[in-house]
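To start, the structure itself, in structure tokens.
Atoms within a ligand are numbered from 1 in the order they appear, just like the ligands themselves. These figures come from a predicted structure and were not determined experimentally.
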Amino acid sequence: MTTTTTTTAAPKATTAQSLTLTDLVKTYMAKGRESFAAVKGINLDIAPGELIALLGPSGCGKTTTLRMIAGLETVTSGSIKIGDREISQLPASKRGIGVGFESYALYPPMSVRENLLYGLKARKVKGAEEMVSSISTRLEMDDLMDLRPAGLSSGQKQRVALARALVRNPPVLLLDEPLSHLDASARQRVRRELKVLQREFGYTTIVVTHDQVEALSLADRLAVMDAGVVQQFGTPDEVFDDPANLFVAQFVGEPQINVVHGVARSDGGRVRVEIGSDAGSLETTVTGVADGTEVAVGIRPQDATMSAAHGTGLHTTVAYFEHLLEFGLATTTVAGVEEGIVVQTPAQERYEPEQKVVIGAPPERVYLFDTDTGERLR
Ligand SMILES: Nc1ncnc2c1ncn2[C@@H]1O[C@H](COP(=O)(O)OP(=O)(O)OP(=O)(O)O)[C@@H](O)[C@H]1O
Ligand SMILES: [Mg+2]
């Protein structure tokens with residue numbers, strides 16, 4: 001590993017540091033109003049140089065978490081460490097964290113170049129100009145360098161904010177929706193470049209995003225949050241293939257997982273779940289359910305298969321069929337089930353409305369969840 005030196009022209013990698021959040025809590029207190037727990041005890045162990053994506057619905061506490069790490073918000077309780085250093089009580093400027101928040105102001109009278117150089121010059125960083133021009137080229141913003149912030153579009157401002165966080169070469173980088181205002185193609189290119197820069201420089205990084213594709217393409221691991229709590233922290237494959245609960249199963253995956261009511265049937269052998277009224281059943285590898293238990297059954301559209309209307313499985317009728325070039329999506333109706341079951345079908349197959357089909361799924365991909373708590377049954 002190299003240490004941060006600033007004597008040569010080429011930007012140097014920082015010494016990668018771990019970031020550890022332990023029982024981190026934020027409760028907002030407002031005069032005359034009830035206190036509000038925005039973050040309810042988060043634990044995350046992020047390895048040096050790792051990039052994690054924080055995913056979750058609006059209001060679940062993502063920005064609050066980043067602001068606490070950055071020192072822009074006080075911590076109600078818990079600990080934040082970079083390496084072995086406790087930083088939760090340090091002022092923001094002493095934490096050595098690069099922040100790319102949308103609301104992070106640029107200085108209006110200065111050009112983009114001056115904005116990017118500003119912090120570096122104040123700290124007398126050698127090679128600052130080279131660092132700035134290298135990053136601006138890689139983020140495709142050379143043509144913006146002499147403009148003033150007021151003249152920039154929101155996507156351009158976003159790239160400047162990202163560049164400003166990167167040029168500081170911080171051991172820890174926090175990015176809150178860094179690419180949300182870019183158009184689709186710029187977004188893809190800047191995303192790729194961000195990942196390459198992150199790898200090269202070894203910033204330990206948290207990216208908040210609403211975009212699953214972005215999360216999956218950038219992240220080593222995903223932290224899926226809901227209501228101030230991390231519901232699951234794992235690699236994209238772990239989160240997709242082995243969801244901890246119904247919330248995670250429904251939040252991650254496109255098209256969304258099918259969830260229907262079912263009743264477990266166990267006669268000592270493999271467990272089957274009956275779905276609908278006399279529509280049939282699916283086998284599952286779940287063992288921890290008693291005969292007759294009511295469950296929520298989760299089947300990903302990608303895991304479900306359709307075949308001609310005989311044999312064991314779930315007997316359904318195609319309601320409509322969409323052909324989407326790389327694959328098809330069949331929405332089927334099951335007698336006695338309110339929700340349709342969506343099946344992703346191979347590109348070459350075609351289905352017609354009213355067609356009778358039988359749905360199957362590999363038993364290990366038929367997930368069961370507790371109907372009250374949403375916890376996964378295994
Ligand atoms: N200063 C504040 N005072 C009181 N409540 C706040 C304050 N800041 C945020 N909250 C509340 O805390 C909760 C979490 O907010 P936060 O901004 O962290 O959500 P988020 O996950 O970033 O959402 P989004 O995806 O919409 O950006 C929200 O319910 C919000 O209303
Ligand atoms: Mg937010």
Report yes if [X] has an N/O atom closer than 3.5 Å to an N/O atom of ligand 1; otherwise report no.
{"X": "Ala38", "answer": "no"}
{"X": "Thr65", "answer": "no"}
{"X": "Thr63", "answer": "yes"}
{"X": "Gly56", "answer": "no"}

Tell me which protein heavy atom sits closest to [atom], plus the residue, atom name and distance to 0.1 Å.
{"atom": "atom 26 (O) of ligand 1", "answer": "Ser58 OG, 2.5 Å"}
{"atom": "atom 23 (O) of ligand 1", "answer": "Gly59 N, 2.8 Å"}
{"atom": "atom 25 (O) of ligand 1", "answer": "Lys62 NZ, 2.7 Å"}
{"atom": "atom 9 (C) of ligand 1", "answer": "Tyr28 CE1, 3.5 Å"}

Side chain, backbone, both or neither: Met225 near ligand 1, heavy atoms under 4.0 Å =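 No part of Met225 is near ligand 1 at this cut-off.
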Is [X] reaching over with its side chain to a backbone N or O of [Y], donor-acceptor style, under 3.5 angstrom?
{"X": "Lys26", "Y": "Val39", "answer": "no"}
{"X": "Arg272", "Y": "Ser281", "answer": "yes"}
{"X": "Lys62", "Y": "Leu55", "answer": "no"}
{"X": "Asn43", "Y": "Asp23", "answer": "yes"}
{"X": "Thr204", "Y": "Gln17", "answer": "yes"}

Cation-pi geometry met for Arg300 and Phe240 (6.0 Å, 45°) |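 So Arg300 does make the cation-pi contact.
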Can the positive tip of Arg221 be found less than 6.0 Å from the middle of the six-membered ring of Phe233, inside 45° of the ring normal?
->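 Yes - Arg221 lies over the ring of Phe233, closer than 6.0 Å to its centre and within 45° of its axis.
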Does even one non-hydrogen atom of Gly61 get within less than 4.0 Å of ligand 1?
->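 Gly61: in contact with ligand 1 (<4.0 Å).
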Assess Glu73 for proximity to ligand 1: is some non-hydrogen atom of it under 4.0 Å away?
->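 No, Glu73 has no heavy atom closer than 4.0 Å to ligand 1.
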Within the 4.0 Å heavy-atom shell around [X], which atoms of ligand 1 are there?
{"X": "His210", "value": "25 (O)"}
{"X": "Phe36", "value": "11 (C), 12 (O), 13 (C), 29 (O)"}
{"X": "Thr64", "value": "14 (C), 15 (O), 16 (P), 18 (O)"}

Closest heavy-atom contact between Leu368 and Val273?
->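 For Leu368 versus Val273, the nearest heavy atoms are CD2-CG1, 3.7 Å.
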Any protein heavy atom lying closer than 4.0 Å to atom 30 (C) of ligand 1?
->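 No, because not a single protein heavy atom sits under 4.0 Å from atom 30 (C) of ligand 1.
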Give a yes-or-no answer on whether the side chains of Gln231 and Asn245 include a donor-acceptor pair shorter than 3.5 Å.
->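 Result is yes, a qualifying pair exists.
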Is it true that atom CD of Glu86 has more than 12 heavy atoms of other residues, nucleotides or ligands lying nearer than 6.0 Å?
->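 Check passes, neighbour count above 12.
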Return yes when at least one N/O/S atom of Thr64 is nearer than 2.8 Å to the Mg ion (ligand 2), and no when none is.
->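 Checking the Mg ion (ligand 2) against Thr64, no N, O or S atom falls under 2.8 Å.
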